[in-house]
Amino acid sequence: MKIISSVSEMQAFAEELRRSGKRIGLVPTMGYLHEGHLSLIRRAREVSDAVIVSIFVNPTQFAPNEDFERYPRDIERDTSLLHSEGVTILFTPSVEEMYPAGFSTYVVPESISSILEGKFRPAHFRGVATIVAKLFLIAHPHAAMFGQKDAQQSIIIKRMVRDLNFDTQIIVAPIMREKDGLAKSSRNIYLSPGERNDAAILFQSLNKAEEMIHKGEASAAVIIKEVEKIIHTKKTAVIDYVAVNDAESLAEIAEIQKGKSILVSLAARFGKTRLIDNIIVQQ
Ligand code: PAF
C-alpha cells in the first residue's frame, strides 16, 4: 500500500491509474476505522481495480463547540487495517495541505442542507461538500462509497455530483450495527458503559417506527411521538430530532403514502456524545 500525503502526488498517481485503464474507487473517511468503513472498502474493491482510502479529520465540518480536537485518531492502527484490506493508496493530507493559507472557496449546498442535521450543525454540510468536492478533484474516482448512517450527507453529495457534473458514481452502503443494534460509529468510543447500554434504544425505536409503518400507520406525527416516547425511557438520552422524510428528496412528510421510500432519522445525545441513526422503510 502506498501512503500519500501531498495533493499533487495524489493527483498525479490517480491520473496514472486512469491512464493505465484502472477503475478507481474512493472511500473518504475521517479515520478511526471500524467495521462500517471496512464494509465500504470491501464494496469499493468489488467495483474498482484500485482503492484509495482518504483519512482526513476535516476541520471545516466541525463547529467551534464540536469535537474536532478530541475526535478519535489512531493512524497506526488504521494503516495496518488498510494494509490487510488490500487498499492501493492511503491518502492522508495535513490540514495545511487541504486548506492552504488564504483558502476561501467553499461548496455550499442549499435547501436540503438546512434541515435535519443542518438545523443543529449549520455549517456542517458546507464543510462536507467542500472536502468531498476537493477529494473528487484530487483522487478523480470513478466511484465513491458513503455509509447510509449519514443519510442526509449521502443525499447532499449525490445532489452535488449531479449539480456540478462530477463524473463519479456515488454508492451508498448499508449501516453496520453492533449486536444490540447500535450503529457503528467512531464516536461510540466516547460513550460511558451506561450510555453505551442506553444508546441501543435508538435502533429499537427505529424498528418500532418501521413496524408501525408496515402495519399501516400513515401519520408521521404519531410515529415521531412513539419513537420519542421509546427513546425517553432511557434517562441519559436527550433528543435533538426525530423526523420522517422522503428517502430520496428529503421532503418532509406528514402523511405516508403507499409506494414511497420513507427515511425515519434521528439524532440524540447521551452525555456529551451526539449519535445519529436512521432506517429506510420501503412501502
Ligand atoms: O462521513 C464522513 O466520515 C465525513 O463526513 C467525510 C465524508 C469523510 C467528509 O469529511
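Basis for what follows: all heavy atoms, side chains included, without hydrogens, waters or symmetry-related copies. All ligand and atom numbering here is 1-based and tracks the order in the structure.
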**Fill in**
For P28, the atoms of ligand 1 under 4.0 Å from one of its heavy atoms are 8 (C)
**Asked** Against heavy atoms of Q153, which atoms of ligand 1 measure under 4.0 Å?
**Response** 1 (O), 2 (C), 4 (C), 5 (O), 7 (C)
**Message:** Taking side chain to side chain contact (heavy atoms under 4.5 Å, CB included) as the criterion, tell me which of V7, V53, I3 meets it with F91.
**Reply:** V7
**Request:** Within a distance under 4.0 Å of any heavy atom of I131, pick out the atoms of ligand 1 and give their elements.
**Result:** 9 (C), 10 (O)
**Item:** Between NE2 on residue H34 and CG on residue N188, distance to nearest 0.5 Å
**Value:** 7.5 Å
**Prompt:** Can you tell which of T130, V108, V107, I155 makes a side chain to side chain contact (heavy atoms under 4.5 Å, CB included) with M160?
**Reply:** V107
**Prompt:** To the nearest 0.5 Å, what is the distance between CD (Q148) and CD1 (I280)?
**Reply:** 4.0 Å
**Complete:** closest protein heavy atom to atom 3 (O) of ligand 1 is M30 CG, 3.7 Å
**Request:** May I ask you to check whether Q61 has an N/O atom sitting below 3.5 Å from an N/O atom of ligand 1?
**Result:** yes
**Message:** Does either side chain, that of S261 or that of Q282, offer a donor lying less than 3.5 Å from an acceptor on the other one?
**Reply:** yes
